[in-house]
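These numbers come from a predicted model, not from an experiment.
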Amino acid sequence: FVNLTGAFNLRLSTSNSATILADATVKLNNNAMNIGTNGSYNWMVINGGVVTNVGAVGVGGGANSSGNSLTVSNNGRLFSGALTVGIGAGASGNVYNAGGFGAQSTISNGQVTVGSTGGGNNTMNVTNVNLTSTGLTLGNGSSNNTVNVARSEEHTSELQSPYVIS
């Protein structure tokens with residue numbers, strides 16, 4: 001069990017990673033979690049572990065923030081506030097994988113935004129997950145962003161929130 005009193009950041013650099021495995025819990029006490037702020041090819045995988053009490057989540061934020069990713073899979077659980085993929089001009093090619101291989105995952109996010117304020121070509125993939133969100137915005141002042149919702153053999157993935165495509 002890890003209890004952080006400040007933000008969790010993979011930023012200002014390239015090719016950093018964090019993996020939260022089964023039976024591990026990270027509690028952020030409503031602090032932010034940033035993956036790839038002003039950096040590229042940083043990633044976090046929640047593979048059976050739990051990341052909880054997270055404030056806002058950013059995946060790829062700022063100039064030259066590309067190729068960053070957040071993946072929740074194999075019974076992983078994420079409980080957070082608003083989550084944005086691709087924040088700001090130059091933030092492109094960032095990915096949020098909600099669910100994936102293994103046992104069904106559980107995610108509860110606030111508002112999810114894919115592509116914000118000039119960040120383009122960002123993606124959200126939804127499969128094999130119970131995902132609850134307060135809303136989904138695709139392309140908030142940006143272009144060429146994608147949300148893919150797929151059905152797995154065992155579960156049907158659903159987006160259970162209001163959504164806006166702008």
Side-chain angles (χ1 to χ4, degrees), residues 1-62 65 67-87 91 93-114 116 122-137 147-161 163:
F1 179 82
V2 176
N3 189 12
L4 298 176
T5 57
F8 178 92
N9 296 300
L10 294 172
R11 57 183 264 185
L12 301 173
S13 55
T14 301
S15 300
N16 296 294
S17 64
T19 303
I20 312 302
L21 297 172
D23 300 323
T25 299
V26 176
K27 182 178 178 183
L28 270 78
N29 295 303
N30 207 35
N31 289 296
M33 184 168 77
N34 299 296
I35 301 158
T37 303
N38 295 318
S40 297
Y41 306 105
N42 298 289
W43 53 267
M44 178 178 198
V45 174
I46 304 169
N47 181 10
V50 178
V51 178
T52 187
N53 292 66
V54 183
V57 177
V59 180
S65 295
N68 300 292
S69 67
L70 170 61
T71 299
V72 182
S73 64
N74 200 25
N75 198 33
R77 289 162 286 175
L78 172 63
F79 304 96
S80 74
L83 189 147
T84 305
V85 183
I87 310 159
N94 300 291
V95 179
Y96 175 34
N97 295 307
F101 70 90
Q104 184 177 33
S105 298
T106 302
I107 301 173
S108 179
N109 297 131
Q111 175 73 29
V112 175
T113 302
V114 180
S116 178
N122 298 288
T123 303
M124 176 180 179
N125 298 308
V126 181
T127 186
N128 197 23
V129 65
N130 179 8
L131 172 65
T132 304
S133 170
T134 59
L136 170 67
T137 300
V147 173
N148 300 305
V149 180
R151 181 186 184 286
S152 71
E153 290 299 316
E154 299 175 11
H155 301 87
T156 301
S157 299
E158 297 180 22
L159 292 176
Q160 300 178 5
S161 63
Y163 61 92

Is it true that a side-chain atom of [X] and a backbone atom of [Y] form a donor plus acceptor pair closer than 3.5 Å?
X: Asn38; Y: Arg11; result: no
X: Asn122; Y: Ala91; result: yes
X: Thr127; Y: Gly99; result: no
X: Asn94; Y: Ser65; result: yes
X: Asn31; Y: Gly55; result: no
X: Asn68; Y: Trp43; result: no

What heavy-atom pair brings [X] and [Y] nearest, and what distance separates the two atoms?
X: Val51; Y: Ile20; result: CG2-CG1, 3.9 Å
X: Arg77; Y: Asn75; result: NE-O, 3.6 Å
X: Val50; Y: Ile46; result: N-CG2, 4.3 Å
X: Gln111; Y: Thr137; result: NE2-OG1, 2.8 Å
X: Ser133; Y: Gly110; result: OG-O, 2.7 Å
X: Asn42; Y: Thr14; result: OD1-C, 3.8 Å

Any non-hydrogen side-chain atom of Leu131 less than 4.5 Å from a side-chain atom of Asn109?
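Yes, close enough: below the 4.5 Å cut-off.
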Measuring only between side-chain heavy atoms, which start at C-beta, is Val26 closer than 4.5 Å to Met33?
no
Evaluate the side-chain contact (heavy atoms from CB on, under 4.5 Å) criterion for residues Asn74 and Phe101: first the C-alpha distance (whole Å), next the side-chain angles of each, then the deciding distance (0.1 Å), finally the verdict.
CA-CA 6 Å; Asn74 200 25; Phe101 70 90; 3.8 Å; yes
How many angstroms lie between [atom1] in [X] and [atom2] in [Y], if you round to the nearest 0.5 Å?
X: Leu10; Y: Thr37; atom1: CG; atom2: OG1; answer: 9.0 Å
X: Thr52; Y: Leu28; atom1: OG1; atom2: CG; answer: 9.0 Å
X: Tyr96; Y: Asn125; atom1: OH; atom2: CG; answer: 11.0 Å
X: Ile107; Y: Leu83; atom1: CD1; atom2: CG; answer: 8.5 Å
X: Ser73; Y: Asn97; atom1: OG; atom2: CG; answer: 8.5 Å
X: Lys27; Y: Asn29; atom1: NZ; atom2: CG; answer: 5.0 Å

CG (Asn3) with more than 12 external heavy atoms under 6.0 Å:
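More than 12 heavy atoms, drawn from other residues, nucleotides or ligands, come within 6.0 Å of this atom.
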Set of side-chain hydrogen bond (donor to acceptor under 3.5 Å, both in side chains) partners for Asn30, sequence neighbours left out
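Result, side-chain hydrogen bond (donor to acceptor under 3.5 Å, both in side chains) vs Asn30: none returned.
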With sequence neighbours excluded, what pairs up with Ser13 under the side-chain hydrogen bond (donor to acceptor under 3.5 Å, both in side chains) test?
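Ser13 satisfies side-chain hydrogen bond (donor to acceptor under 3.5 Å, both in side chains) with Asn16 only.
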Run the side-chain contact (heavy atoms from CB on, under 4.5 Å) check on Val147 and Leu136 step by step: do they pass?
CA-CA 10 Å; Val147 173; Leu136 170 67; 4.2 Å; yes
Pair Leu70, Val57 - check side-chain contact (heavy atoms from CB on, under 4.5 Å), show working.
CA-CA 10 Å; Leu70 170 61; Val57 177; 4.2 Å; yes
